[in-house]
Amino acid sequence: MASKGTGMSFSRKSYRLTSDAEKSRVTGIVQEKLLSDYLYRIFSPPDRGPAAATSRKPLNFHNLPEHVDQLLQVDSEDNESQGQVEGRLGPSTVVLDHTGGFEGLLLVDDDLLGVIGHSNFGTIRSTTCVYKGKWVYEVLISSQGLMQIGWCTINCRFNQEEGVGDTHNSYAYDGNRVRKWNVTTTNYGKAWAAGDIVSCLIDLDDGTLSFCLNGVSLGTAFENLSRGLGMAYFPAISLSFKESVAFNFGSRPLRYPVAGFRPLQDPPFADLVRAQRLLGCFQAVLSVELDPVEGRLVETESSEWQLQGQPTVLLTLAHIFHHFAPLLRKVYLVEAVLMSFLLGVVEKGTPEQAQSVVHQILDLLWLFMEDYEVQDCLKQLMMSLLRLYRFSPIVPDLGLQIHYLRLTMSILRHEKSRKFLLSNVLFDMLRSVVFFYIKSPLRVEEAGLKELIPTTWWPHRSSRESRDGKEAREETTEERQRRRAYERGCQRLKKRIEVVEELQVQILKLLLDNKDDNGGEASRYIFLTKFRKFLQENASGRGNTPVLCPPEYMVCFLHRLVSALRFYWDEYKASNPRASFSEEAYIPPQIFYNGKVDYFDLQRLGGLLSHLRKTLKDDLASKANIVIDPLELQAATMDDLDEDEEPAPSAAQRPMQALAIGGALPLPRPGWLSSPTLGRANRFLSTAAVSLMTPRRLLSTMEKVKVRSLNVEQRTREDIEGSHWNEGLLLGRPPEEPEQPLTENSLLEVLDGTVMMYNLSVHQQLGKMVGVSDDVNEYAMALRDTEDKLRRCPKRRKDILAELTKSQKVFSEKLDHLSRRLAWVHATVYSQEKMLDIYWLLRVCLRTIEHGDRTGSLFAFMPEFYLSVAINSYSALKNYFGPVHSMEELPGYEETLTRLAAILAKHFADPRIVGTDIRDSLMQALASYVCYPHSLRAVERIPEEQRIAMVRNLLAPYEQRPWAQTNWILVRLWRGCGFGYRYTRLPHLLKTKPEDANLPSLQKPCPSTLLQQHMADLLRQGSDVAPSFLNSVLNQLNWAFSEFIGMIQEIQQAAERLERNFVDSRQLKVCATCFDLSVSLLRVLEMTITLVPEIFLDWSRPTSEMLLRRLAQLLNQVLNRVTAERNLFDRVVTLRLPGLESVDHYPILVAVTGILVRLLVHGPTSETEQATSVLLADPCFQLRSICYLLGQPEPLAPGTTLPAPDRKRFSLQSYTDYISAEELAQVEQMLAHLTAASAQAAAASLPTNEEDLCPICYAHPISAVFQPCGHKSCKACINQHLMNNKDCFFCKATIVSVEDWDKAANTSAMSSAA
């Protein structure tokens, strides 16, 4: 028999009747007695065996229908009324009352059994109530948030704050808070998790109400329920925003039936009996064979049965399916009868035997049932399978999950069934991604983890601390034994999980099969269309949770997809030597601009796709021989006009009904979390698929290819893979790309979708799951503290000892639970294999970016998420997989680190990248990169030309660009070299909060002398680089410190008011940020002066004197504000407001001190004298501020020594752990020098006429005159002004030149002229 079940043309209709003329021929197929025995054997009643051959009437195909009808007659006691039943009121089909029985905003599924909360606390009840008897219904928990499930009466009134259980005559169980509710609340039951099933039982004979969780009774919750006239109870639920469940009132078999309790909706008893009897007949056909030669019946194993075209068997099956087929369209019967039978086949036999039987059964279904019948049956079968898999409890051997997946795989191995399910069910009627998810058990005891991992262990130091270089204490023998026992348990768990994961990968391999194109489209190309729609739904629906696939499902799906993808990639390589291995995979750049793949509304590096197609159409024509269809350009132009009228929101804020070029994208019906079987009928047009017919040879300049858009569902295999005259997805190959193919084009599209999937939600979930490890670290720290207190506690304080012992027990039990749960998380999310998958995606993105960069301007077509995934996947590998697995152990780690460093260094200031968000991400990634020794060394390993270009971009003027992040990068290159700049945590915090010393510290300083040298060379060589850069730094310092002072004034005023008030936390955050910016800008100035002092001190340079005067002015302002006695800064620091912890004297004063020491102590005498004169000439200079640095309120008399520092006053001498003795000596030397120079300057100074002072600063005499207007000021003011503006201070005339002004010389010249 053909495997697809299409080798015969029989139909069920052909076997219903036979004419009299055919009777003899039909009964003559086999000997009449043998036929009668066979039919009696197949169609014998289930309660008795076949009648004796002598007492029974001969049976043949003529009288068989009458016999079958008698067989299927149901006794009256089995055929109970499907209408009203005593004790129950309402429709026989029980659903949620979406017309009037609800409160708040709720989203209800099409089947009226699933519900999602869409308001604060919505409530809904069912359409049927009960007033007598024992009743039960089940709730499938899809999310484990705040919900109250139970019963209520029709008189209960709910609102957005009060739900089921908050009013009289309403009762509820809340597994989120582990409580029961009836006006008041008490502890009850166990915590539930997503994937659990809650059974709600009400006994109105005894007046009690109870609940079960996954079939385990939680005990009686309520007693003495109100009963009597007018008292009837409805199933009801209240749930908060985004929480979701699905109800089973009896429309499907209860997962955990309870003896004596009846489901609210009666099962179809009569049909169930008939279906079970017909299944028995069908099983008999599989276990009995006819032997015409011997004239007897032969018993055989059903796993060995084969349909060989025997007419007798075919006619027998036709009679069975004539009655069986209509029943197999009903969900209850499919799950209760067919599903149970198939699961029994899978459980009893080997995988090969089960596969053979299931394949034969599916062949028979397609052969004897009408297409619409078998399609309905398969749809219900897969929906039931998915529901069983999703809501099955975790058992130690994962046996339930394994059986469900094996049956799923057996069904999908049937080609015709697989293609139908892929085309119509897997991504349309249900969420097949659930099949690739392994849920995490919330209760480790029920999952068997206690037996699997009997010994628990947890690390004694966090991963961050161990990377700081601090040596952890050595393990004891007992700890080592516990750790090894725990690791062995983790390995046992991992092996069991790997069995499930391998089955999931096998299922995906079936869906990605591209060799099953006999008589239709191959499975892979159907999958591609559905997969792209799935990605669009999740990309366009961000922010609308009901539409999205949960991130935890995405993580598992991504890993299984990577495994299947790499399998097919390497398989293709084995048969095509010119192709590439999966280790060398990347996405060719032409896929981003030839329009073959749809990227929806995702942002490109260069902006909107419509804009790029217009501005880069010439480059597309010259480099890729592609011409965009003029109609599409016209449509894009119209879109741009609409966008001009109303600015387009960002991708994250884009409305669900966003427009694509081809048409509107209708909002898919939400309901992902409520039910795994929600149907979706959305259809959309896509501009992704482009019909392109072009030879593979290079086209001449005149042979351009015009592209036009197609509906994505109209794409054929040829449109994707190409042919001898069509390159498919690879149309428009730029000259930089190799001619040989990487792999099959369809696999490239799968890979592209996998990268997009990581960007959508996988990275977010990887970071979220780290919370389990963080919880372990917190509880481990709490346990160690408790044990330390127990050791120190006096034995006479028995009360304290008892409390500490109790706390120790609680922490130990919690750690036992969390360590077992952490083992599950490590096996399913953070294993070595999962780490390699993420690492592979990182390398794919790096190669894709490198190849795209070579295309020049066409690089702008690349979607932003490729850069985002490269950045985020590296972050995940570095931060999320430790300490169990280290990124340094990965193959090619150093090379990958260097390639990523080169990409960050080149593209953080790439003009082809216009998106603000992605540019910020690149800048932040580079800033993080230079913080750690390994990654900083990678930056130093990139080619020298790229390093210099990176530093040049960092030194670009700060105006009109995000300068703060650039400044942080420069600071991190210097950190560890500056004055008192070797700390990992701010020293003043450790002085005020010693307990912080035990916390994980920040990354240790790791300066880069190589990049500092590049910076110095650029500042020396470029005549315009240093002035423009330093002028912008000084401007930003002036702004940041002025903003900081203004904000602390407002904070101080608010704190001094008598009325109670609160300072806005956002204002505090901005204030602290301005302070940190001021400190970092000062550190950049310190680095610049240290590396290239001549920029300020070599006055042969035209801008040196002006820069030095500006610097001195700002330094004096900072010193005066910070060091004044009992000033504003002091008072705000003393308040110690939350959010202003970083604001203190130390960080800003040591930065200023570092600059002053370099100017006044280091260097030749001539330079220090110039710096001293400029500093003293500034009117804001106060020697007292310099004395403040060493804890002295006033200058010391000549010849006296420094006294010991006063602990109550700030002094650099108090920070000897952070400031070396040599640095302190330099500060003392600077103070002595300034004291002497200040005294000398005071003695030599002469009084100045006020009329001769600069009218701008009133600090210096007039020394310059502007031409042609003739207005005057000092040189410092006019030079500073001309850095940013060419207009006169006073008259706004354009200044052509500035000339020196000497009053005496000018007066004598005027006298001579007179």
message = Over 60° means perpendicular and under 30° means parallel, so tell me whether W840 and W569 are parallel, tilted or perpendicular.
response = perpendicular

inquiry  = Could you walk me through whether Y880 and H763 satisfy the ring pair (Phe, Tyr, Trp, His ring centres under 6.0 Å) test, starting with their C-alpha distance in whole Å, then the side-chain angles of each, then the deciding distance to 0.1 Å, before giving a yes or no?
reply    = CA-CA 10 Å; Y880 299 159; H763 181 72; 5.7 Å; yes

request  = Heavy atoms only: give me the nearest A579-K573 pair and the separation to one decimal.
outcome  = O-NZ, 2.8 Å

request  = Verify, without hydrogens or angle tests, whether D513 (side chain) and S523 (backbone) share a donor-acceptor contact under 3.5 angstrom.
outcome  = no

message = Do H1014 and R952 have side chains that approach each other closer than 4.5 Å (heavy atoms only, starting at C-beta)?
response = no

ask   = Going by heavy atoms in the side chains, are D752 and Y599 under 4.5 Å from each other?
value = yes

inquiry  = Could you walk me through whether L731 and Q590 satisfy the side chain to side chain contact (heavy atoms under 4.5 Å, CB included) test, starting with their C-alpha distance in whole Å, then the side-chain angles of each, then the deciding distance to 0.1 Å, before giving a yes or no?
reply    = CA-CA 7 Å; L731 175 84; Q590 57 264 42; over 6 Å; no

key: Which atom of S563 lies closest to which atom of V505, heavy atoms considered   = CB-CG2, 3.9 Å

query = What heavy-atom pair brings R604 and A860 nearest, and what distance separates the two atoms?
reply = CB-O, 3.6 Å

inquiry  = Can a side-chain donor-acceptor contact be found between E744 and N514 if the only test is distance below 3.5 angstrom?
reply    = yes

inquiry  = Under a 3.5 Å threshold, yes or no: a donor from one side chain and an acceptor from the other, between N879 and S875?
reply    = yes

ask   = Are the side chain of Y874 and the backbone N or O of T896 linked by a donor-acceptor pair below 3.5 Å?
value = no

task = Could you verify whether a donor N or O on one side chain and an acceptor N or O on the other, from N967 and S1080, lie under 3.5 Å apart?
result = yes

key: Nearest heavy-atom neighbours spanning K623 and T855   = NZ-O, 3.1 Å

ask   = Any Lys/Arg nitrogen of R484 or E487 sitting under 4.0 Å from an Asp/Glu carboxylate oxygen of the other?
value = no

ask   = Would you say the side-chain atoms of R566 pair up with the backbone N or O of S582, donor to acceptor, closer than 3.5 Å?
value = no

request  = Can you sort out the partners of R919 under side chain to side chain donor-acceptor pair (under 3.5 Å), two or more places apart, ordered by chain and number?
outcome  = none

inquiry  = Could you walk me through whether F861 and L616 satisfy the side chain to side chain contact (heavy atoms under 4.5 Å, CB included) test, starting with their C-alpha distance in whole Å, then the side-chain angles of each, then the deciding distance to 0.1 Å, before giving a yes or no?
reply    = CA-CA 9 Å; F861 281 95; L616 298 178; 3.7 Å; yes

key: Sub-4.5 Å side-chain heavy-atom contact between E850 and R899   = yes

ask   = Which heavy atom of Q1012 sits nearest a heavy atom of C977, and at what distance?
value = NE2-SG, 3.6 Å

key: Cation-pi check, R482 onto W458 ring (under 6.0 Å, within 45° of axis)   = yes

request  = Check the side chains of Q1013 and D1017 for a donor-acceptor pair under 3.5 angstrom, ignoring hydrogens and angles.
outcome  = yes

message = Hydrogens and angles aside, do Y758 and N872 bring a side-chain donor and acceptor to less than 3.5 Å of each other?
response = no

query = So, the side chain of N759 versus the backbone of V869: is there a donor-acceptor pair under 3.5 Å, distance only?
reply = no

message = Set out, in order, the CA-CA distance, both residues' side-chain angles and the distance that settles side chain to side chain contact (heavy atoms under 4.5 Å, CB included) for I720 and K596, then state yes or no.
response = CA-CA 8 Å; I720 298 172; K596 288 273 191 165; over 6 Å; no

message = For a 4.5 angstrom cut-off between non-hydrogen side-chain atoms, does L904 reach V939?
response = no

task = Check whether any side-chain heavy atom of L493 lies under 4.5 Å from a side-chain heavy atom of R820, and answer yes or no.
result = no

ask   = Do the non-hydrogen side-chain atoms of M862 and P589 ever get within less than 4.5 Å of each other?
value = no

Identify every side-chain donor-acceptor pair in residues 922-934 under 3.5 Å, counting partners at least two apart or on other chains, and give the distances.
unit_1	atom_1	unit_2	atom_2	d
Y929	OH	L897	O	2.6
H934	NE2	E888	OE2	3.0

key: Within-4.5 Å side-chain heavy-atom neighbours: S873 and L841   = no

ask   = Do R578 and Q740 have a side chain donor and acceptor closer than 3.5 Å?
value = no

inquiry  = Is the ring pair Y981/Y983 parallel, tilted or perpendicular, if the boundaries are 30 and 60 degrees?
reply    = perpendicular

remark   = Heavy-atom closest pair (I438 atom, V500 atom, distance to 0.1 Å) is CD1-CG1, 3.8 Å

Quick one: side chains of residues 824-834, donor-acceptor pairs under 3.5 Å with protein atoms, not counting sequence neighbours, listed by atom name and distance.
unit_1	atom_1	unit_2	atom_2	d
W824	NE1	K439	O	3.4
T828	OG1	W824	O	2.9
Y830	OH	L766	O	2.3
Y830	OH	V770	N	3.2
S831	OG	E833	OE1	3.4
S831	OG	K834	N	3.3
S831	OG	K834	NZ	3.3
Q832	OE1	H885	ND1	2.9
E833	OE1	K494	NZ	3.0
E833	OE2	K494	NZ	3.3
K834	NZ	E501	OE1	3.3
K834	NZ	E501	OE2	3.0

Heavy-atom side-chain contact between Y866 and I918 under 4.5 Å = no

message = Looking at F527, I'd like to know if the NZ or CZ of R532 sits under 6.0 Å from its six-membered ring centre while staying within 45 degrees of the ring's axis.
response = no

task = State whether R843 and E584 are salt-bridged, where the test is any N-O pair (Lys NZ or Arg NE/NH1/NH2 against Asp/Glu carboxylate O) under 4.0 Å.
result = no

task = Scan L508, V750, L512 and name whichever one has a side chain to side chain contact (heavy atoms under 4.5 Å, CB included) with Y568.
result = L512

